[in-house]
*Asks:* 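Have a look at this one.
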Amino acid sequence: MDLSTLSYQKFVQFALEHTNLRTTLTPLPSQEKFKSLKANDNKSVLNAISFCAPKIRLLRSLTIEDSQSMLVLDFAAFSKPEYDAPIFCANAFTTPSRSIVVLDLNPLYDVTIHPDYKEKYYKKLMPLSEKYSELLPWGGKLTSESLKFFSPIVIWTTVASSQLVHDVLFSAFVDYFKAWLELIDEATDEKDESLVLLNREAQHKYLTWRAEKDPGYSILKKLFGETLAKDLVRQFLFDGVDSLGSKTFLDYFPEYRLENGTVNKKRSMVGKSYETRPWNSAGEFIAD
C-alpha cells in the first residue's frame, strides 16, 4: 500500500469543524509548545493541536506522517470533571501492510461494574459497533487489563492497509465523534462536589494508565528522544496526569508492583485474554 495516498488530517479537520459548530474551541498552551517539534529522522511530519471548550477540558490530536513507513493518529477528547461523559479515543497506526486501530468512547467507569453507566451512555449506541464489525473485525487477543477501559462499542482491529479500510475508518470516526458530541451537548453539570471529585479521579486513573502503558511511546522516543517523548506523553497526550490528581500508577494498579517497588513494564500480563468481542449486540458482557 502506498501511504502517500492516505492521511489522517481529514479526520482531525472533521472533528475541529464539527466541534466548532456546537461550541467555542480555545487553543491551549500545550499546542504552542509542541506544534513545532521536528523529528530526528527529518522526514516524519508531526502535527499537534490542543483545545478546550466550555464543557471540554481537553481536545487534542497528534498525527505523525511518513509517507514511506507509517501514519499515526492519536486523537482524544475529555469532558470537564463536572460531567461524567465518556472519553473519545481514536488511535490508528498504519504501515504499508497493516493498520492497527482502536476507536471508542472510553467509559469513565468500568461498564462491567457500573451497569447504570453503561445504560446511560451506551444502550442507544450499540448499533455503531454492529455497523462496522464486518469491515473492521475484532483484532484478536486482548486482555482484561485493557478491557476495563473499553466500552461495548469499541472498535479494536488489525487489518491489511488499503484505501477501503481508510475510508471505512473515516466513516467510523465520523459516526463515533458525532455520537460523542451529542453526549457532550446533552450533558448536564454535576452539582454534587463529591461526584465531581469521583469524575476527576476516574479521569486521572485513565490518564495514569494511558501515560504508563502508551504503546506509541517507543515511536515517540525514537523520533524525538527520551526527554521530549516523556513531555509529549505527560504534558500533551495525557495532559492532566500531573494536575488532576496525585495518585501514582502503583496507587491505582498495585498488581504491577515489582519486589523492588518499581512498575512491571510487561504488557498484557493481567487477566484473561479475549480472542473475540466479549460483548453481545445488546452490550452485555458474555465472557467470564
Side-chain angles (χ1 to χ4, degrees), residues 1-21 25 27-28 30-51 56 58-77 87-105 128 131-132 135-137 139 154-181 210 214-224 228-229 232-233 236-238:
M1 177 71 197
D2 181 4
L3 294 185
S4 66
T5 64
L6 306 180
S7 174
Y8 284 116
Q9 290 307 310
K10 70 174 183 177
F11 292 58
V12 180
Q13 288 306 311
F14 169 84
L16 294 181
E17 289 169 6
H18 278 258
T19 305
N20 271 317
L21 291 175
L25 287 172
L28 288 167
S30 56
Q31 174 171 283
E32 191 64 30
K33 179 175 181 178
F34 293 106
K35 71 176 183 180
S36 60
L37 281 184
K38 303 296 182 184
N40 294 333
D41 63 5
N42 292 318
K43 59 180 181 176
S44 297
V45 178
L46 176 140
N47 281 289
I49 58 167
S50 59
F51 298 90
I56 300 170
L58 172 66
L59 183 151
R60 56 80 174 153
S61 171
L62 178 72
T63 60
I64 302 172
E65 302 198 343
D66 173 357
S67 60
Q68 269 75 53
S69 64
M70 67 173 179
L71 303 175
V72 176
L73 170 69
D74 192 332
F75 188 104
I87 299 161
F88 180 85
C89 167
N91 292 99
F93 177 73
T94 297
T95 69
S97 59
R98 304 295 293 174
S99 290
I100 303 169
V101 176
V102 174
L103 177 63
D104 196 16
L105 273 60
L128 281 180
K131 179 178 180 180
Y132 294 103
L135 288 172
L136 300 171
V154 63
I155 293 175
W156 144 243
T157 192
T158 172
V159 290
S161 298
S162 69
Q163 185 66 56
L164 174 61
V165 165
H166 196 73
D167 292 343
V168 171
L169 180 56
F170 178 67
S171 175
F173 181 95
V174 166
D175 284 349
Y176 276 56
F177 193 71
K178 282 182 175 179
W180 184 80
L181 286 176
R210 290 295 308 275
D214 182 34
Y217 177 72
S218 59
I219 295 173
L220 296 177
K221 184 177 176 181
K222 180 180 178 181
L223 290 177
F224 305 107
L228 271 178
L232 266 171
V233 167
F236 183 83
L237 293 179
F238 308 114

*Asks:* When rounded to the nearest 0.5 angstrom, what is the spacing between CG in Leu46 and CZ in Phe34?
*Replies:*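 Reported value, rounded in 0.5 Å steps: 10.0 Å.
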*Asks:* Using every non-hydrogen atom in the two residues, find where Leu3 and Asp66 come nearest and quote the distance to one decimal.
*Replies:*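 Scanning both residues completely, I find the closest heavy atoms to be CD1-O, 4.1 Å.
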*Asks:* I want to check something: taking the side chain as every heavy atom from C-beta on, are Phe236 and Lys35 in contact at a cut-off of under 4.5 Å?
*Replies:*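 A side-chain contact under 4.5 Å is absent here.
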*Asks:* Mind checking the CZ-OG spacing from Phe170 to Ser7? Nearest 0.5 Å is all I need.
*Replies:*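 Going from CZ on Phe170 over to OG on Ser7, the span is 10.5 Å.
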*Asks:* Between OG1 of Thr157 and CG of Leu136, what distance do you get to the nearest 0.5 Å?
*Replies:*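 If I round to the nearest 0.5 Å, the distance is 5.5 Å.
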*Asks:* How far does CG of Asp175 sit from NZ of Lys131, to the nearest 0.5 angstrom?
*Replies:*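 If I round to the nearest 0.5 Å, the distance is 3.5 Å.
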*Asks:* If you take all heavy atoms of Ser44 and Leu223, which pair is closest and at what distance?
*Replies:*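 Looking at all heavy atoms of both residues, the closest pair is OG-CD2, 3.7 Å.
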*Asks:* Heavy atoms, side chains only, cut-off 4.5 Å: are Ile155 and Leu169 in contact?
*Replies:*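 A side-chain contact under 4.5 Å is absent here.
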*Asks:* Can you measure from CG (Leu181) to CG (Leu21) and round to the nearest 0.5 angstrom?
*Replies:*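 Going from the CG atom of Leu181 to the CG atom of Leu21 covers 9.0 Å.
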*Asks:* Please determine whether side-chain contact (heavy atoms from CB on, under 4.5 Å) holds for the pair Tyr132 and Leu103, giving the CA-CA distance in whole Å, both sets of side-chain angles, and the decisive distance to 0.1 Å.
*Replies:* CA-CA 11 Å; Tyr132 294 103; Leu103 177 63; over 6 Å; no
*Asks:* Side chains of Tyr8 and Thr94: donor-acceptor distance under 3.5 Å anywhere?
*Replies:*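 Their side chains do contain a donor-acceptor pair, which is all the 3.5 Å distance test asks for.
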*Asks:* Which value, rounded to the nearest 0.5 Å, describes the distance between Arg210 atom CZ and Ile87 atom CD1?
*Replies:*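 It is 9.0 Å, given to the nearest 0.5 Å.
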*Asks:* Residues two or more places apart in sequence or in another chain: which of them pass side chain to side chain contact (heavy atoms under 4.5 Å, CB included) with Ser4?
*Replies:*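 With neighbours one apart ignored, the set is Asp2, Ser67.
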*Asks:* Does Phe93 have Arg98 sitting over its ring (NZ/CZ under 6.0 Å from centre, angle to axis within 45°)?
*Replies:*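 Not flagged: Arg98 not positioned over aromatic ring of Phe93.
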*Asks:* For the residue pair Phe75 and Ser61, what are the closest heavy atoms and their distance?
*Replies:*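 Taking every non-hydrogen atom into account, CD1-CB, 3.4 Å.
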*Asks:* Taking atom CD as the centre, does Glu32 end up with more than 12 heavy-atom neighbours from other residues, nucleotides or ligands that are less than 6.0 angstrom away?
*Replies:*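 At most 12 heavy atoms, drawn from other residues, nucleotides or ligands, come within 6.0 Å of this atom.
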*Asks:* Determine whether Glu65 and Leu6 make a side-chain contact, defined as any pair of heavy atoms from C-beta on separated by less than 4.5 Å.
*Replies:*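 When only atoms from C-beta onward are counted, Leu6 and Glu65 do not touch, as no gap falls below 4.5 Å.
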*Asks:* Which atom pair, heavy atoms only, marks the closest approach of Phe51 to Leu28?
*Replies:*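 Closest approach of Phe51 to Leu28, heavy atoms only: O-CD1, 3.4 Å.
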*Asks:* Is the shortest heavy-atom distance from the side chain of Asp74 to the side chain of Leu237 under 4.5 Å?
*Replies:*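 Yes, their side chains come closer than 4.5 Å.
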*Asks:* Any idea which heavy atoms bring Ile100 and Trp156 closest together, and the distance?
*Replies:*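 Residues Ile100 and Trp156, closest heavy atoms: CG2-CZ3, 3.8 Å.
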*Asks:* Where do Gly139 and Thr158 come nearest, in terms of heavy atoms and distance?
*Replies:*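 Looking at all heavy atoms of both residues, the shortest contact is O-CG2, 3.4 Å.
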*Asks:* Does Ser50 offer a backbone N or O that forms a donor-acceptor pair with the side chain of Gln31 under 3.5 Å?
*Replies:*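 A pair under 3.5 Å: yes.
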*Asks:* Lys10: what forms a salt bridge (Lys or Arg N to Asp or Glu O under 4.0 Å) with it, not counting sequence neighbours?
*Replies:*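 For Lys10 there are no salt bridge (Lys or Arg N to Asp or Glu O under 4.0 Å) partners, ignoring immediate neighbours.
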*Asks:* Measure from the side-chain N and O atoms of Ser99 to the backbone N and O of Val159, and report whether any donor-acceptor pair falls under 3.5 Å.
*Replies:*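 A pair under 3.5 Å: no.
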*Asks:* So do the side chains of Leu128 and Leu105 get within less than 4.5 Å of each other, counting heavy atoms only?
*Replies:*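 They are not in side-chain contact.
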*Asks:* Going through the distances and angles, do Val12 and Ile49 end up as a side-chain contact (heavy atoms from CB on, under 4.5 Å)?
*Replies:* CA-CA 9 Å; Val12 180; Ile49 58 167; 3.5 Å; yes
*Asks:* Which class fits the ring pair Phe173 and Phe177: parallel under 30°, tilted 30 to 60°, perpendicular over 60°?
*Replies:*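 Answer is parallel, since the angle falls under 30°.
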*Asks:* Has the side chain of Asn91 got a donor or acceptor atom that lies under 3.5 Å from a matching backbone atom of Val101?
*Replies:*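 Absent.
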*Asks:* Quick one: are Thr5 and His166 in side-chain contact, heavy atoms under 4.5 Å?
*Replies:*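 Not touching, per the 4.5 Å side-chain cut-off.
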